[in-house]
Amino acid sequence: QVQLVESGGGSVQAGGSLRLSCTISGYTYSSVCMAWFRQAPGKEREGVASIDSGGSTTYADSVKGRFTISQDNAKNTVYLQGNSLKPEDTAMYYCAAARADIVSCWVLLHWGPSRFGYWGQGTQVTVSS
């Protein structure tokens, strides 16, 4: 079965950096869209960034220029590097995966979390002012 395991969350002061990792196993489809979502208390889960099998990336406006999504195909791992972190970045961050052989990855991210069938357990990021 497909498993996603995240790591790298923690607490950091505003202006600091964190790198999240997500390793996927058991995925057998030829095309995959990997994404990071986040959910703050009392708010809906929102898409942060996505990357497809070819390396094309998409970002939410709120993180453009500060976050970078990347992948290491040899390690089946996706990373989310967050720089210049703000208190409003505080949330539980989730890694997710979806088939992307019919619909483009950036479209899947825009459509939202219901389009992603595989999820990690989440990792907490807390940014203090």
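Residues take their numbers from the sequence shown, with the count starting at 1. Note: hydrogens, waters and symmetry copies are ignored here, and every other heavy atom, side chains too, is used. Predicted model only: the values in this text are computed from it and were never measured.
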Please report the closest heavy-atom contact between [X] and [Y], naming both atoms and the distance.
{"X": "Gly122", "Y": "Met92", "value": "C-SD, 3.7 Å"}
{"X": "Ser84", "Y": "Ser17", "value": "N-OG, 4.4 Å"}
{"X": "Glu6", "Y": "Cys95", "value": "OE2-N, 2.5 Å"}
{"X": "Thr68", "Y": "Tyr59", "value": "CA-OH, 3.4 Å"}

So, taking the atom named SG in Cys22 and the one named CD in Gln121, what distance separates them when rounded to the nearest 0.5 Å?
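Here the rounded value is 8.5 Å.
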So, taking the atom named CG in Leu109 and the one named CZ in Phe116, what distance separates them when rounded to the nearest 0.5 Å?
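Taking CG in Leu109 and CZ in Phe116, the distance rounds to 5.5 Å.
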For residues Thr126 and Thr90, is any side-chain donor paired with an opposing acceptor at under 3.5 Å?
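No pair is found: no donor N or O on one side chain lies under 3.5 Å from an acceptor on the other.
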Among side-chain atoms of Arg38 and Tyr93, is any donor-acceptor pair under 3.5 angstrom?
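Yes.
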Sub-6.0 Å ring centroid separation between Trp36 and Phe67:
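Ring centroids of Trp36 and Phe67 are no less than 6.0 Å from each other.
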Tell me whether the NZ or CZ atom of Arg45 lies within the 45° cone about the ring axis of Tyr94 and under 6.0 Å from its centre.
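Output yes; distance and angle both within limits.
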Gln124 atom CD: more than 12 heavy-atom contacts under 6.0 Å
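Count over threshold, so yes.
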Do the charged groups of Asp61 and Lys64 touch, with an N to O distance under 4.0 Å?
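Salt bridge present between Asp61 and Lys64.
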